[in-house]
A.B. asks: 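I have a structure I would like to understand better, so I am pasting it below and will then ask my questions one at a time.
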Amino acid sequence: MAKPFSIQRTSLRIRIFISMIFLIIVSSVLIAMVTIYQFKKEARNYHQDRLERKESAVNEHVNFILQTTKIPASTENLPLIFKDKIYELSTIHNIQINIYDLKGNLLITSKGNFIVDKMDNEVVSPIILKIIESTASKRFVDLRIIDGITYRSSYNYIKDVSFKPLGIISMPYAEETSFYDNQVESFLIHFGQIYIFMFVLAIVLAYVLSSYITKTIKLISERIQLTNINQKNEKIKVSNASYEIEALIVSYNEMVDKLEESADKLAQSQRELAWREMAKQVAHEIKNPLTPMKLTVQSFARRFNPEDPKIDEKMKDFCDTMVQQIDTMSAVASAFSNFASMPAQENTTLNVVKVVQLALDIFNEDFIRFESTEKEIIAVFDQSQIIRIITNLVKNAIQAIPNYEPFPRILVKVEKVETDVLITISDNGTGVPDSIKDKIFEPKFTTKTSGMGLGLAMIKNMIEGYGGTIYFETQVNKGTTFYVQLPITN
């Protein structure tokens, strides 16, 4: 049984061919429509400007007549004043002129000289009178279409030397569109000739191009069958594909089946190689500034002699903290050079509460708060690693809070949960989007413009080295809370 015709199932070459022909037809029709519209717009603008020029010239001429006549200027005398002049005005300016009193009754007209008899010029509509009176320009243009011909009638006041309205002057004007009609007709003839040529050319180009594209796709399909890609790939599932694309998809899916067995091993090898490269880079970038920083801090502490008797003690605490941080960074850098393994743990019995407080001393932000449910939580850990874990998480929390947040807040809390110590770092920052939640602890992943994306990956390794866990809860635009849970070893 023959399958019903469907554009989705037709050859890709035919679909490309039809699409290009359709594009040529649509674009040609749009060009013709826009051009005709532009011609009509220019015609309207031309007649509008022409009427305004005639109106301005006639008004100046009328004002000159009123200023030079010996007859008193009044509404009743307008027919007498323009008895002989109205035909002269009409002939000079080549436009019909009608003069009305202020109530819209016709006083005198030059109608005999012009053929605009289809327009009713005996009275002015009350609506037009009201519009003229209420507008700031005291002018109105009435637009009418009678038997397919557009008529424009301009209305404005005739005023005496003291600008008092005496009457209303109207200038009906019939738009002559034959010139623009001839221009449009000529354009369409020439455009049609060019369009026929372009249409034939488009057919040839569409055929050649569609054939070339489908040939290229078939070639790609053949190459994929012979290629082994060193990565894990998902199968492609597409319905209603063209015959050429369907062949390409089948070939690709067959290749994915062959690669699936070796994908995991290859990914593991790549991760190990990335760690080696990162270890070398981190060791190089961190080690260089450590020695001069340490020497500078120690030298500054020895020479400083303040007047405050307690300042020496304060500065000593500060310097000790800085030196301790530098030692920690140096240990991490040295360890990274050995295949990114962290420094050997130097475990000592310590008070976790005090160590966390010590880690927070280097931060100057006044919105960081510390809470603990216990005064002492004694456990066996490497102090430098605990400090590094807290420092990294607090820095991330600070950077997660936007500058426009009026009330930034970070809470570091330590509590004992059965046989574990639980450290929580909460902030009211922007939160972690769902799209990157699974990547947070991956090496080299970062959302910052600087840094290598190693911080969370390294502290995760430290925590898991103690048999602990790290996880987080987040809400976008509300904040994030990281949980570090470590077993207490006495």
Side-chain angles (χ1 to χ4, degrees), residues 310-311 313-329 349-379 381-433 437 440-441 446-448 450-451 455-456 458-460 462-463 466 468-488:
K310 293 184 179 181
I311 198 67
E313 181 181 352
K314 295 179 180 179
M315 289 305 301
K316 184 178 182 302
D317 291 340
F318 170 76
C319 292
D320 289 343
T321 302
M322 293 297 295
V323 170
Q324 189 176 43
Q325 293 299 315
I326 293 172
D327 289 339
T328 301
M329 293 173 63
T349 302
L350 49 80
N351 181 2
V352 178
V353 177
K354 184 176 180 180
V355 173
V356 173
Q357 286 180 309
L358 181 62
L360 297 178
D361 286 344
I362 66 170
F363 296 98
N364 298 322
E365 287 77 8
D366 56 4
F367 54 81
I368 300 176
R369 293 194 303 112
F370 173 76
E371 292 182 3
S372 177
T373 58
E374 310 284 341
K375 291 184 178 180
E376 288 186 350
I377 300 178
I378 306 300
F381 294 119
D382 185 326
Q383 178 172 308
S384 63
Q385 289 191 355
I386 299 299
I387 291 175
R388 182 163 182 80
I389 292 170
I390 301 303
T391 302
N392 188 283
L393 292 176
V394 173
K395 282 183 179 179
N396 288 347
I398 294 172
Q399 294 170 351
I401 300 175
N403 294 332
Y404 55 80
E405 172 60 47
F407 304 106
R409 184 179 69 257
I410 294 177
L411 174 62
V412 180
K413 186 176 181 180
V414 181
E415 56 186 320
K416 186 176 180 181
V417 181
E418 297 181 353
T419 59
D420 294 337
V421 56
L422 180 63
I423 306 172
T424 59
I425 295 91
S426 304
D427 65 70
N428 62 339
T430 56
V432 181
K437 281 184 178 180
I440 286 296
F441 297 108
T446 179
T447 58
K448 306 170 188 175
S450 61
L456 289 175
M458 287 192 294
I459 67 173
K460 185 174 185 290
M462 295 179 193
I463 295 168
Y466 291 111
T469 57
I470 179 173
Y471 56 97
F472 67 93
E473 296 176 352
T474 185
Q475 287 185 295
V476 177
N477 297 325
K478 290 188 178 180
T480 303
T481 300
F482 276 86
Y483 300 87
V484 176
Q485 190 163 354
L486 298 168
I488 298 175

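For the numbers below, each heavy atom of this structure counts, side chains included, while hydrogens, waters and symmetry mates do not.
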A.B. asks: Could you check whether any side-chain heavy atom of Arg388 comes within less than 4.5 Å of a side-chain heavy atom of Met462, counting everything from C-beta outward?
C.D. replies: yes
A.B. asks: Just how far is it from atom CD1 of Ile401 to atom CG of Asp427, taken to the nearest 0.5 Å?
C.D. replies: 5.5 Å
A.B. asks: Kindly compute the distance separating OG1 (Thr391) from CD1 (Ile362), expressed to the nearest 0.5 Å.
C.D. replies: 4.5 Å
A.B. asks: Is any side-chain heavy atom of Ile410 closer than 4.5 Å to one of Phe363?
C.D. replies: no
A.B. asks: Give the intermediate values and the outcome of side-chain contact (heavy atoms from CB on, under 4.5 Å) for residues Phe381 and Val421.
C.D. replies: CA-CA 11 Å; Phe381 294 119; Val421 56; 4.3 Å; yes
A.B. asks: How would you list, by chain and number, every residue that makes a side-chain hydrogen bond (donor to acceptor under 3.5 Å, both in side chains) with Thr481, sequence neighbours excluded?
C.D. replies: Ser426
A.B. asks: Asp420 side chain to Gln485 main-chain N or O, any donor-acceptor pair under 3.5 Å?
C.D. replies: no
A.B. asks: Looking at every heavy atom in both Ile368 and Val394, which two are closest together, and how far apart are they?
C.D. replies: CD1-CG1, 3.9 Å
A.B. asks: Apply side-chain contact (heavy atoms from CB on, under 4.5 Å) to residues Glu374 and Val414 and explain how you reach the verdict.
C.D. replies: CA-CA 8 Å; Glu374 310 284 341; Val414 181; over 6 Å; no
A.B. asks: Rounded to the nearest 0.5 Å, how far does NZ of Lys460 lie from CD1 of Ile463?
C.D. replies: 9.0 Å
A.B. asks: Applying side-chain hydrogen bond (donor to acceptor under 3.5 Å, both in side chains), can you list everything that pairs with Lys416, at least two apart in sequence or on another chain?
C.D. replies: none
A.B. asks: If I compare all heavy atoms of Leu486 with all of Gly468, which pair ends up nearest, and what's the gap?
C.D. replies: CD2-CA, 4.2 Å
A.B. asks: Who are the side chain to side chain contact (heavy atoms under 4.5 Å, CB included) partners of Glu371, not counting sequence neighbours?
C.D. replies: Arg369, Leu411, Lys413
A.B. asks: Can I get a per-line list of side-chain donor-acceptor pairs under 3.5 Å for residues 470-478, giving both atom names and the distance, sequence neighbours left out?
C.D. replies:
residue : atom : partner : partner atom : Å
Glu473  : OE1  : Tyr483  : OH           : 3.2
Thr474  : OG1  : Val432  : N            : 2.8
Thr474  : OG1  : Gly479  : O            : 3.4
Thr474  : OG1  : Thr480  : OG1          : 2.9

A.B. asks: Could you tell me the separation between the CG atom of Leu360 and the CZ atom of Phe370, rounded to the nearest 0.5 Å?
C.D. replies: 7.0 Å
A.B. asks: Quick one: pull up CD1 in Ile387 and CG in Leu358 and give me the separation to the nearest 0.5 Å.
C.D. replies: 4.5 Å
A.B. asks: Going by the rule side-chain hydrogen bond (donor to acceptor under 3.5 Å, both in side chains), which residues pair with Lys354 if we only count those two or more places apart in sequence or in a different chain?
C.D. replies: none
A.B. asks: Could you grab the distance from atom CD1 of Ile389 to atom CG of Leu456, nearest 0.5 Å is fine?
C.D. replies: 11.0 Å
A.B. asks: So, does Glu405 use its side chain to make a donor-acceptor pair with the main chain of Phe407 at under 3.5 Å?
C.D. replies: yes
A.B. asks: Which pair of non-hydrogen atoms, one from Pro487 and one from Tyr466, has the smallest distance, and what is that distance?
C.D. replies: CG-O, 3.1 Å
A.B. asks: So, using side chain to side chain contact (heavy atoms under 4.5 Å, CB included) as the criterion, who are the partners of Arg409 when residues are at least two apart?
C.D. replies: Asn428
A.B. asks: When Val417 is tested against each of Leu422, Ile488, Thr373 for side chain to side chain contact (heavy atoms under 4.5 Å, CB included), which residue passes?
C.D. replies: Leu422
A.B. asks: Please step through side-chain contact (heavy atoms from CB on, under 4.5 Å) for the pair Leu393 and Val484, ending with a clear verdict.
C.D. replies: CA-CA 10 Å; Leu393 292 176; Val484 176; 3.6 Å; yes
